[in-house]
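Quick notes on the structure that follows.
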Amino acid sequence: MKKLILFFIILCSPFLIFSQDRFPRPDFLNGYTRPEPFTILLDSWFIPYIDILVLIIVLIVSVYAVFRVHSRTWIFFISLFSLLYFGFYRKGCVCPIGSIQPVSDSLFNSGTTLPFSTILIFFIPIIFSLFFGRIFCGSACPLGAIQDLVSIKQLKLPVWLETPLKLIPPIFLALAILAAVMGSDYLICKWDPFVNFFKLTGNSSAFIYSGIFILLSIVIYRPYCRFLCPYGFLLKITSYFSLKHLSIATKQCINCKLCEGSCPMGEIHYASEDDSKTLDFKGTIVLLVFIPLLAFGGAFIGGRSGGFIAKLDYRVALANDIRSGIPGSFSDEITAFMNTGVSMEDLFLIEINVLEGYRNGSTIMGLFIGLLLGIKLLQYKRKNYYKNYEVDRAGCVSCGRCFESCPLEVSGGSDSEK
Amino acid sequence: MKVDRRKFVKILSYSAAGIFLLGLMARLGIKKGFVKRELWQIDPNKCITCGKCETECVLVRSAVKCIHAYEVCGYCDLCSGYLKKGVKNITTGAETNLCPTSAIKRTYVEDPYYEYVIDEELCIACGKCVKGCSNFGNGSLFLQIKQEICINCSRCTIAEACPSLAIKKVSRDTPYILKGQKN
């Protein structure tokens, strides 16, 4: 078949239009035949589907590990497998975290293609999270696994540091979606600290960036998961409403307090006798008014910062370069642009479109962040009090490190339904 | 397993939500046509041989290689993709070669034609031969991403760095953009 194509190409060679043809093509007299440029080798198209099958199997086994066997050891070995398979073998790409980008891009821009395997890899951990909590984070995610593996000490961060850091994931999510939809860049991939490790390659800045995160992960538990991961934010939402969730005790909790401090992220709610609400009815109403104010304020600030955020886009950057550049000295990009035949006016028109898109997107982003701040404030003021020791349904990544501290575990069997 | 009515309704509604999400997945798949994952390719007509293909790939040895479109080649004795500019004695010695790794092999075919073959194991995708060939020759040499080397990152670092935005996604059904073909 390939020989046929080559023969056809040679036959059509007088009619080729994309070559310079300064020198005439030879007609050989001694019977020389032109070699084939190369053989087309492609790996099987269904490899992504094998990975998805493995992902589903890993998730099912981890459900069993968390809920039936209730064993940290099981979870550890499952996450080790995930690290080796999804991380080092599959080089960490395509991953569910990154899949946010093509999914949101193609949802917004109808022309963009979206492979079915990417759709699957985006939705499957979310569906599992809706039923069983963030078991993807604890068992299947290679990024989580590498952070878990190198964690030696788990420093407790002060509240004033941890609270603002925890706000980064939704902001990053919004920014990543905006950049993907506008076709500027894949920010999640760009700022993925562990992918260089999995690909076992990279330049010096990538090495430093990854190195910093690995070092951080040694002393802080799961810094990427808690303070950066945009997909984790999505999983938090479904996990909060999940049907079943990891629980520390396999039977009815007896408030023995032995699990206090066993969570490296501090996501355990301690049992408390106090059941008074910190905020009364009037206070709640005030806060409810405050929320739309925050939302509009956020939208305003967002809209104003649209121009700045748009600098992420290469077209905006090129237009800025051209405007501010020294006349006569052209960068590679400007030279290449001038070769494309697109006029300066057209570029500036494109730039205006991109800027408008970023302003609109940033306004929505600001609205979203403002709303989120308001909801967080409400949550903080109206603290829930817990009768028994429970994990935080949104924050717990189902790593199972708290299992070892529960004495009820030892007696074995998970025969009760909570 | 004892299940009371409340729990039954709960399980039912969650299952409904799960089925809804599955349906969403299916609908999205249908709308987007169940396509396979795409591959990266350089558009040879946009390439300006800036040299970034050699350095920007995440792999240590770039997935980009120089490919020779033999049907376009002039088979010249004085090949501007093989020889450095201003070379006086045409030899196969490294001092006369443009290629820093001597990846281009020159062999005599018949008078006055010479065959130039690229040893892909040696090629580092610096683009020097491509530049020479497109500037003074027929432009039969061009850089292209080899799919058996490329690990198909979601975000191609070479694509991001390319000044002429020559790297784009292509369907698996047309895995290569080659010179000497109508695109």
Side-chain angles (χ1 to χ4, degrees), chain A residues 9-10 12-13 16-26 28-30 32 34-35 37-38 40-43 45 48 91 93-94 98 101-102 106-107 113-120 123 126-127 130-131 185-186 189-190 196 199 201-203 243 314 331-333 335-337 339-340 417, chain B residues 1-2 10-11 14 17-18 21-22 24-25 28-29 32-38 45-46 48 50 58-60 67-76 109-110 113 115 117 120 134 136-140 147-148 151-155 160 163-165 169 172 175-176 178-183:
Chain A
I9 292 166
I10 295 168
C12 288
S13 55
L16 295 165
I17 50 171
F18 286 121
S19 34
Q20 285 88 322
D21 260 23
R22 293 188 179 90
F23 303 95
R25 290 130 204 259
F28 295 103
L29 303 166
N30 66 357
Y32 165 84
R34 289 170 174 82
F38 62 94
I40 296 181
L41 293 162
L42 277 181
D43 56 1
W45 62 266
K91 311 257 193 265
C93 182
V94 169
Q101 293 157 139
S106 65
L107 280 175
T113 53
L114 182 63
F116 188 57
S117 53
T118 309
I119 299 175
L120 287 174
F123 275 104
I126 292 182
I127 295 176
L130 183 67
F131 281 84
D185 201 347
Y186 274 6
C189 301
K190 187 175 179 176
N196 306 301
K199 291 178 181 166
T201 178
N203 55 21
L243 179 62
Y314 57 94
S331 66
D332 271 341
E333 279 81 4
T335 316
F337 164 68
N339 283 338
T340 59
E417 298 290 324
Chain B
M1 188 181 74
K2 268 210 183 130
K10 197 175 180 190
I11 294 176
Y14 273 86
L21 280 173
L22 285 170
L24 239 147
M25 265 166 64
L28 197 60
K32 293 291 172 180
F34 292 111
V35 292
K36 306 188 186 106
R37 268 196 77 196
E38 293 183 303
N45 302 302
K46 288 189 177 171
I48 59 165
C50 65
V58 286
L59 300 173
V60 176
I67 294 181
H68 197 185
Y70 294 104
E71 58 272 11
V72 181
C73 181
Y75 283 79
C76 309
V109 180
E110 66 182 35
Y113 299 124
E115 183 197 55
V117 180
E120 281 186 10
S134 4
F136 302 107
N138 279 5
S140 59
Q147 303 294 8
E148 67 267 20
I151 57 175
N152 206 14
C153 303
S154 223
R155 174 184 185 264
E160 290 296 322
S164 51
L165 306 169
K169 285 191 179 158
R172 227 163 203 278
Y176 279 97
L178 298 173
K179 250 196 181 177
Q181 284 174 337
K182 269 179 104 150
N183 283 334

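In what follows, every chain begins at residue 1, and chains take the letters A, B, ... in the order their sequences are listed.
- Contacts of Lys46(B) with chain A are absent, with no heavy-atom separation under 4.5 Å from either backbone or side chain.
- For Leu42(A), the part lying under 4.5 angstrom from a heavy atom of chain B is the side chain only.
- Proximity to chain A is limited to the side chain of Glu160(B), based on heavy atoms less than 4.5 angstrom apart.
- If you take CG on Leu130(A) and CG on Leu243(A), they are separated by 8.0 Å, rounding to the nearest 0.5 Å.
- Chain B forms more heavy-atom pairs under 4.5 Å with one residue of Lys199(A), Gln101(A), Lys91(A) than with any other, namely Lys199(A).
- Of the listed residues (Gly74(B), Cys50(B), Ala69(B)), the greatest number of heavy-atom pairs within a distance under 4.5 Å of chain A belongs to Gly74(B).
- Proximity to chain B (any heavy atom under 4.5 Å) is shown, for Pro26(A), by both the backbone and the side chain.
- If you measure heavy-atom distances from Tyr113(B) to chain A, the contacts under 4.5 Å come from the side chain alone.
- Here the straight-line distance linking atom CD of Glu110(B) with atom CD of Glu115(B) works out to 11.5 Å at 0.5 Å rounding.
- In this structure, OH on Tyr70(B) lies 15.0 Å from CZ on Arg25(A), to the nearest 0.5 angstrom.
- No other option in Ser117(A), Ser106(A), Gly98(A), Pro48(A) has as many heavy-atom pairs under 4.5 Å with chain B as Ser106(A).
- The contact between Cys76(B) and chain A is made entirely by side chain atoms (from C-beta outward), counting heavy-atom distances below 4.5 Å.
- A distance of 6.0 Å separates CZ in Phe123(A) from CG in Leu28(B), rounded to the nearest 0.5 Å.
- In this structure, the side chain of Thr118(A) does not engage the main chain of Leu114(A) through any donor-acceptor pair within 3.5 Å.
- Between the side chains of Glu38(B) and Thr113(A), at least one donor N or O lies within less than 3.5 Å of an accepting N or O.
- Classified by interplanar angle (parallel below 30°, tilted 30° to 60°, perpendicular above 60°), the ring pair Tyr32(A)/Phe28(A) is perpendicular.
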